[in-house]
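Protein chains get the first letters and strands the later ones, always in sequence-line order, with residue 1 at the start of each.
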There are 2 protein chains.
Amino acid sequence: MLDVAERAGVSKASVSRFIGEDRDLLSDEIARRIEQAIAELGYRPNQMARGLKRGRTRLIGMLVADIRNPYSIAVMHGVETACRRHGYSLVVCNTDRDDEQERQHLALLRAYNIEGLIVNTLGHHRDELLELHQEMPLVLVDRKVDRLDSDLVGLDNPAAVDMALDHLEQRGYRDLLLVTEPVDGTSSRIERVERFNASIEQRPALRGAVVETSDRFAARIETFLAGPDYGPKALFCANGVAALATTQALRELGCNLFDDVGLLALDDLDWYPLVGSGISALAQPTTEIGASAFDCLLKRLRGDSGPARTLDFPARLIERGSTRGPQR
Amino acid sequence: MLDVAERAGVSKASVSRFIGEDRDLLSDEIARRIEQAIAELGYRPNQMARGLKRGRTRLIGMLVADIRNPYSIAVMHGVETACRRHGYSLVVCNTDRDDEQERQHLALLRAYNIEGLIVNTLGHHRDELLELHQEMPLVLVDRKVDRLDSDLVGLDNPAAVDMALDHLEQRGYRDLLLVTEPVDGTSSRIERVERFNASIEQRPALRGAVVETSDRFAARIETFLAGPDYGPKALFCANGVAALATTQALRELGCNLFDDVGLLALDDLDWYPLVGSGISALAQPTTEIGASAFDCLLKRLRGDSGPARTLDFPARLIERGSTRGPQR
DNA sequence: CTGTTAGCGCGTTCAA
DNA sequence: TTGAACGCGCTAACAG
């Protein structure tokens, strides 16, 4: 920086003004000289030093529970795009669903002076999250954290589940099984399960049960399929991972996909069209969700201190062969 | 830091020694007092400031061409795990296959004083990469960059292609079509195509052609399938994206998966077992590749200045229904 | 409009 | 073994 200043015959402060937001304060002549000196020397301001001084690092942190989950990737991509558009950079930390790693990453992000945090994990370290939330804005994605009063962006789970049941019922399915990953305190999973149960109550034509993907999972599916005849059977998978496990199980059981049983999945993955007659899906607007998460952060960074907001996005139904209706 | 020092009744320098690598220089008594003060105050050293002073930020950068590609994700996961194990953090930048974004991200990473860089892109900004390489170690993953003399970690492409051809030939396929994403200067794609062509030359029993996934892709596949009978036909997809496109095309054409035509794919994705009779795959050891990439960096950071190394990992064949042999 | 001064939080000389 | 002083690269406050 000193080199640039000397070469342009000005002081460091002027150079600082040039690369910062005070460029208007400079005379055209000086600005031109600085610009040239910067170009000639290939000077790049050191973001670390800027961050150190101003407290503004232009860094956003994101805590992700499982980076191999396509949903997380999609949201992250949305966040990253939004960040870049506004001059921020994203530091992504993957916890691999491990509480200890979550703790370490939180410490790390703080040590790097991020300005805001996007969280998509179980949030098993509420104390640290709370503490962090004192210092910076925080947005939860997809999953609530108990007694953490922050913005929340995600899917409108009740509406999505209703949409699923409407569709399945209308297509002639009567005996439903909700397949979910172990609920394990994950708010979005809880909401889906609860709404499923509640909504089934309201629909006299339907019968519904819930099963978690776990050890004897294929056997549970088999039991369901062999169960007493209440009407055409269909599976409703609460997310992409459950859909994968379910489809695997159905294949193991030698099912004809999808004549024997209907299937509707939350999340739309690129391979759904390829399996059997194609898997119907409720797609989440992941890019929008990611962009909104960043948007919340940005509003807070710009001083908005209103009450915590909750943004629920609607799912979109994509019909494929797996809900074409029971084959008689 | 000053607070900690005062509370422990020592100077900032001692605290600095405690949190740094000079802890041995401190007397037990002082170390204990500092430790306690840190715990009581919940003190966290500011990594920005440390980086500013020492030039060591403990940050590794990774440039990824397409974060939605499962291969990239898997490698990134391997890198991240290795990083964390050694006290480094990873900053991932996704270029979305866009040259301009690649340039911006390179500037960004430099501005944040990363200590090393892992690159998995086309590297269309060789000048900047070269410049960066003067300042820090650089590892290429999967893709070479012209005249950039750095470590390279990836798949042993010739061996993998040979393994594929051996397998297909042994299973009775004779008429092969290699499906690749547009080659577009990507070294790994070039290597696969070239070895395919060369290897076909050497095998009188086989015939081979190459097609890129693009506009009239399904039509190209159709032409291949309808072509003169040279023997049982099989498709060899050069990566996961090609496999997805190919399977889509086969479905559109109403093929019976996979009685009409064999299919072998490079990369092993979680949904391969679910499509038709299951897609056979050559799995890449992505975790190892990622870990090795970081390992190269670490060696360089520790002073190794030997000649650039190339690490080629072998693929692993996973047989499923799609190469069970031609059905007569 | 511009330059001077004084730190941001830390690591690293030096002496002691 | 410890502490005082200086500076990393930059920005903010003030003075001109």
Among C:dG3, C:dG11, D:dG9, which nucleotide has an atom closest to any side-chain atom of A:S11?
C:dG3

Counting only side-chain N and O atoms of A:R50, is one of them less than 4.0 Å from OP1 or OP2 of D:dT11?
yes

Mind calculating the distance between CD (B:E6) and C1' (D:dG3) to the nearest angstrom?
14 Å

If you measure only the distance, is there a donor-acceptor pair under 3.5 Å linking the side chains of A:H133 and A:D149?
no

What does A:Y43 touch in the nucleic acid at a heavy-atom separation under 4.0 angstrom: a base, only the sugar-phosphate, or nothing?
sugar-phosphate

Examine the base of C:dG9 for any acceptor or donor lying under 3.5 Å from a partner atom in the side chain of B:R44, and report the outcome as yes or no.
no

Between P on D:dG9 and CG on A:L2, what's the gap in Å once rounded to a whole number?
10 Å

Write down the distance between CZ (A:R56) and P (D:dC10), rounded to a whole number of angstrom.
17 Å

Test item: side-chain donor near acceptor, A:R84 and B:Q104, under 3.5 Å
no

Does the side chain of B:S188 pick up a donor-acceptor pair with the side chain of B:D142 at under 3.5 Å?
yes

Regarding B:L26, tell me which of base, sugar-phosphate or nothing describes its non-hydrogen contacts under 4.0 Å with the strands shown.
sugar-phosphate

Whole-Å distance, B:N46 CG to C:dC8 C1', equals 9 Å

A:V15 near the nucleic acid: base, sugar-phosphate alone, or nothing, with a heavy-atom cut-off under 4.0 Å?
nothing

Have a look at A:S16 and say if it touches a base, only the backbone sugar-phosphate, or nothing, with a 4.0 Å heavy-atom cut-off.
base

Which part of the nucleic acid, if any, lies within contact of B:L52, taking any heavy atom under 4.0 Å across all strands shown: a base, the sugar-phosphate backbone alone, or nothing?
base

Per nearest nucleotide of DNA chain D, the residue lying toward the 5' end, B:K53 or A:G20, is B:K53

So does B:R17 pair up with B:D24, basic N to acidic O under 4.0 Å?
no

Measure the distance from CG on A:D22 to C1' on D:dC14 and round it to the nearest whole Å.
14 Å

Donor-acceptor pair present, A:R17 side chain and C:dG3 base, under 3.5 Å
yes

Using a heavy-atom cut-off of under 4.0 Å over every strand shown, decide if A:I19 touches base, sugar-phosphate, or nothing.
sugar-phosphate

Output yes when at least one side-chain N/O atom of A:S27 is less than 4.0 Å from OP1 or OP2 of C:dT2, else no.
yes

Ring geometry between A:H86 and A:F294 (parallel below 30°, tilted from 30 to 60°, perpendicular above 60°):
tilted

Option from B:D99, B:D98, B:T95 for which side-chain hydrogen bond (donor to acceptor under 3.5 Å, both in side chains) with B:H124 holds
B:D99

Between D:dA12 (C1') and A:F18 (CZ): distance, integer Å:
20 Å

Between C:dC10 (P) and A:Y112 (OH): distance, integer Å
13 Å

Less than 3.5 Å between a donor and an acceptor, one on the side chain of B:K12 and one on the base of C:dG9, is that the case here?
no

How close or far is atom P of C:dG11 from atom CE of B:M48, stated in whole angstroms?
14 Å

